[in-house]
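To keep things clear, I will list the structure first and then write my remarks on it.
Numbers here simply count residues along the sequence, with the first being 1. Side-chain atoms are counted along with the backbone in the values below, which use heavy atoms only and exclude waters and symmetry mates.
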Amino acid sequence: MPDFTFLLLYVRDHIASAAFYRDMLGLPIVEQKADVAILPLREGVMLGLWLQETVEPASTGQPGGSEIAFAVADAAAVEATHADWSRRGIAILQAPTLMRFGMTFVARDPDGHRLRVFAPPAA
């Protein structure tokens, strides 16, 4: 099976999106070109922010049509991340809520991509 190495999001402004993810996650922008910005998510996995109008072959998908999930240790970490992101002015779509898969909240990036933070229920 091929290695999973990139998560690509189509965006309206890759420079603004890269700054958003850099500030939100504390990650460096390791590459920025005329139509793409790249940040390291973890060893061997990069986040690519690709200017929608330059995607080849052209995509019918629109910016904001994806969700990225971030697992944290417990419900307290969900609450702390929610508080931190709220203080930073990141748009919150769903306040911390207990759902069947655990405690979660949902924010959105500048293009409307959903950013879900969750903690699985304690065993």
Side-chain angles (χ1 to χ4, degrees):
M1 177 166 196
D3 286 336
F4 174 72
T5 58
F6 265 91
L7 170 63
L8 297 169
L9 297 179
Y10 303 151
V11 298
R12 291 179 194 91
D13 181 341
H14 67 293
I15 295 170
S17 291
F20 173 84
Y21 281 98
R22 178 198 63 214
D23 295 345
M24 182 186 74
L25 300 173
L27 299 173
I29 300 168
V30 295
E31 189 171 337
Q32 194 158 305
K33 295 185 177 181
D35 63 349
V36 69
I38 299 171
L39 297 89
L41 287 178
R42 63 174 11 176
E43 174 110 17
V45 180
M46 304 297 232
L47 173 62
L49 303 164
W50 197 347
L51 191 60
Q52 167 73 25
E53 63 196 43
T54 65
V55 172
E56 291 182 32
S59 170
T60 57
Q62 294 299 311
S66 298
E67 180 169 305
I68 302 172
F70 301 90
V72 295
D74 53 31
V78 170
E79 294 283 352
T81 305
H82 173 262
D84 177 52
W85 289 9
S86 294
R87 273 191 304 276
R88 294 175 187 226
I90 296 171
I92 304 297
L93 301 177
Q94 179 187 43
T97 304
L98 182 58
M99 298 184 74
R100 67 184 176 283
F101 55 84
M103 182 62 78
T104 187
F105 80 91
V106 179
R108 71 172 175 79
D109 77 2
D111 288 286
H113 297 289
R114 291 172 171 235
L115 308 170
R116 180 176 300 278
V117 175
F118 75 97

query: What pair of heavy atoms forms the shortest contact from A119 to A75, and how long is it?
result: CB-N, 3.8 Å

task: Determine, using the 4.5 Å side-chain heavy-atom cutoff (strictly less than), whether L51 and L8 are members of one ILVMFWY cluster.
output: no

- request: Please list, chain by chain and in numerical order, all residues satisfying salt bridge (charged side-chain N to carboxylate O under 4.0 Å, His left out) with R114, sequence neighbours excluded.
  value: none

- request: Working to the nearest 0.5 Å, report the span between CD1 of I90 and CG of D84.
  value: 7.0 Å

Enumerate donor-acceptor pairs with a distance under 3.5 Å from any side-chain N or O in residues 94-103 to protein atoms, sequence neighbours excluded.
{"residue": "T97", "atom": "OG1", "partner": "A95", "partner atom": "O", "Å": "2.7"}

Beyond-backbone contact of I68 with L9, side-chain heavy atoms, under 4.5 angstrom: yes

Can you give each donor-acceptor pair under 3.5 Å made by side-chain atoms of residues 29-44, sequence neighbours left out, with the distance rounded to 0.1 Å?
{"residue": "E31", "atom": "OE2", "partner": "K33", "partner atom": "NZ", "Å": "3.0"}
{"residue": "D35", "atom": "OD2", "partner": "T54", "partner atom": "OG1", "Å": "3.1"}

task: Can you run down the salt bridge (charged side-chain N to carboxylate O under 4.0 Å, His left out) pairs that involve residues 49-74, sequence neighbours left out, and say none if there aren't any?
output: E67-R116

- prompt: Is there a chain of hydrophobic side chains (I, L, V, M, F, W, Y, each step under 4.5 Å between heavy atoms) that links V45 to L115?
  reply: yes

message: Quick check on the hydrophobic clustering: are F118 and L7 connected, directly or via other members, by side-chain heavy-atom contacts under 4.5 Å?
response: no

Taking distance alone, no hydrogens or angles, what donor-acceptor pairs closer than 3.5 Å link side-chain atoms of residues 15-23 to residues at least two apart or in another chain?
{"residue": "S17", "atom": "OG", "partner": "D13", "partner atom": "O", "Å": "3.2"}
{"residue": "S17", "atom": "OG", "partner": "D111", "partner atom": "OD2", "Å": "2.9"}
{"residue": "Y21", "atom": "OH", "partner": "D109", "partner atom": "OD2", "Å": "2.7"}

task: State yes or no: do L49 and M24 share one hydrophobic cluster built from I, L, V, M, F, W and Y residues joined by side-chain heavy-atom distances below 4.5 Å, directly or via other members?
output: yes

task: Take L25 and F70 through the test side-chain contact (heavy atoms from CB on, under 4.5 Å) and record every step on the way to the result.
output: CA-CA 11 Å; L25 300 173; F70 301 90; 4.0 Å; yes

query: Which residues satisfy the ring-ring contact (aromatic ring centres under 6.0 Å, His included) test with W85, sequence neighbours excluded?
result: F105

- prompt: Would a hydrophobic clustering, with Ile, Leu, Val, Met, Phe, Trp and Tyr connected at side-chain separations under 4.5 Å, put W50 with V11?
  reply: no

statement: Heavy-atom nearest pair, Y10 first then S59, reads CE1-OG, 3.4 Å

